*Asks:* 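Have a look at the structure that comes next, please.
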Amino acid sequence: MEFRLLVLIVLGVYCHGVLCGELTFELPDNEKMCFHELIEKGTKSTLEFQVVMGGNYDVDMELTAPNGQILYKDVKKQYDSFTWNADFKGIYTFCFSNEFSTFTHKVVYFDLQVGEEKPIVENLGEHATAMTLIETSAVNIFEELNRVLDLQTHFRLREAQGRAFAEDLNDRVLYWSIGESLLIILIGIGQIMVLRSFFTTKHKTSTAT
């Protein structure tokens, strides 16, 4: 199956005070790709990834702190989510590896969120006024919209994964059907040749001297 390089959203998008990054990229076989992010000390961050297409939908992933400490490492993982608090200010590196695969490309999606989202309205519960009730409803709607957006992203990934699996299965069924058809034709030709040999008589003539 031919994979196309998919780049959905470039890293470095600010989402209401939170640094968000979503990226879908192609990871070739025997390759390793690393991404880097500057994170302040004490910042809470979350990294979520999922293999969308390719092989057994697995990839190796490693997250390294600026001091070289490995915060997260797993092999042949289909999807996972990891949250950590930065103990040091500096460049955090997360790498995806497909080095264990010899010929299968992978398409990987990841979502990086750096920092915690600040509330839309400060000190919401201090005053029981009509305005705060409206603000509360607005905050609830905002949170539900964020939840819907997150669910839509996961549904799109699952739809893409299911479509890739269905296309791969269709190709396998097609090749298997072609192979079976050729085999049936060869067997039929062989049976015809055997039957013809049963009804063919050879006349031997002898010459008298």
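Bear in mind the structure is a predicted one, so any value in this text is a computation, not a measurement.
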*Asks:* Taking all non-hydrogen atoms of both residues, which atom of K77 and which atom of V51 are closest, and how far apart?
*Replies:*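 Result for this residue pair: O-CG2, 3.8 Å.
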*Asks:* Please check: side-chain N/O of N56 versus main-chain N/O of D58, any donor-acceptor pairing under 3.5 Å?
*Replies:*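 Not confirmed, N56 side chain does not pair with D58 backbone.
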*Asks:* Establish whether F100 and V108 are linked, either directly or via other cluster members, by ILVMFWY side-chain heavy-atom contacts under 4.5 Å.
*Replies:* no
*Asks:* Heavy atoms, side chains only, cut-off 4.5 Å: are L47 and F94 in contact?
*Replies:* yes
*Asks:* Treating Ile, Leu, Val, Met, Phe, Trp and Tyr as nodes and any side-chain heavy-atom pair under 4.5 angstrom as an edge, say whether L183 and Y175 lie in one connected cluster.
*Replies:* no
*Asks:* Of all the heavy-atom pairs spanning S97 and L27, show the shortest one and how long it is.
*Replies:* C-CD2, 3.9 Å
*Asks:* Determine whether a donor-acceptor pair (N or O, by modelled atom type, separation under 3.5 Å) exists between the side chain of S177 and the backbone of V173.
*Replies:*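 Such a contact is found between S177 side chain and V173 backbone.
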*Asks:* Taking atom types as modelled and ignoring hydrogens, do the side chains of K106 and N98 form a donor-acceptor contact shorter than 3.5 angstrom?
*Replies:*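 Present: a donor and an acceptor within the cut-off.
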*Asks:* Calculate, to the nearest 0.5 Å, the distance between atoms CG and CG belonging to N140 and L145 respectively.
*Replies:* 11.0 Å
*Asks:* Could you pull out the closest heavy-atom pair between R163 and M53, with the gap in Å?
*Replies:*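 Smallest interatomic distance, heavy atoms only, reads NH2-CE, 4.2 Å.
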*Asks:* With a 4.0 Å cut-off, would you call E40 and K89 a salt bridge?
*Replies:*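 Salt bridge flag = yes for K89 with E40.
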*Asks:* Consider side-chain contact (heavy atoms from CB on, under 4.5 Å). Of F25, Y79, Y109, which one does V52 pass it with?
*Replies:* Y109
*Asks:* How close do S101 and D29 get, heavy atom to heavy atom, and via which atoms?
*Replies:*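 For S101 and D29, the tightest heavy-atom pair comes out as O-CB, 3.5 Å.
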*Asks:* How many angstroms lie between atom CG of D171 and atom CH2 of W176, to the nearest 0.5 angstrom?
*Replies:*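 If I round to the nearest 0.5 Å, the distance is 15.5 Å.
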*Asks:* Verify, without hydrogens or angle tests, whether S197 (side chain) and V194 (backbone) share a donor-acceptor contact under 3.5 angstrom.
*Replies:*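 Yes; judged by distance alone, with no hydrogens or angles, the pair exists.
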*Asks:* Students often mix this up, so state it plainly: with edges at 30° and 60°, are the rings of F110 and F96 parallel, tilted or perpendicular?
*Replies:* parallel
*Asks:* Compare every heavy atom of D87 with every heavy atom of Y92, then report the nearest pair and how far apart it is.
*Replies:* OH-N, 3.5 Å
*Asks:* Would you kindly say whether T46 and T83 are connected by a side-chain donor-acceptor distance under 3.5 Å?
*Replies:* yes
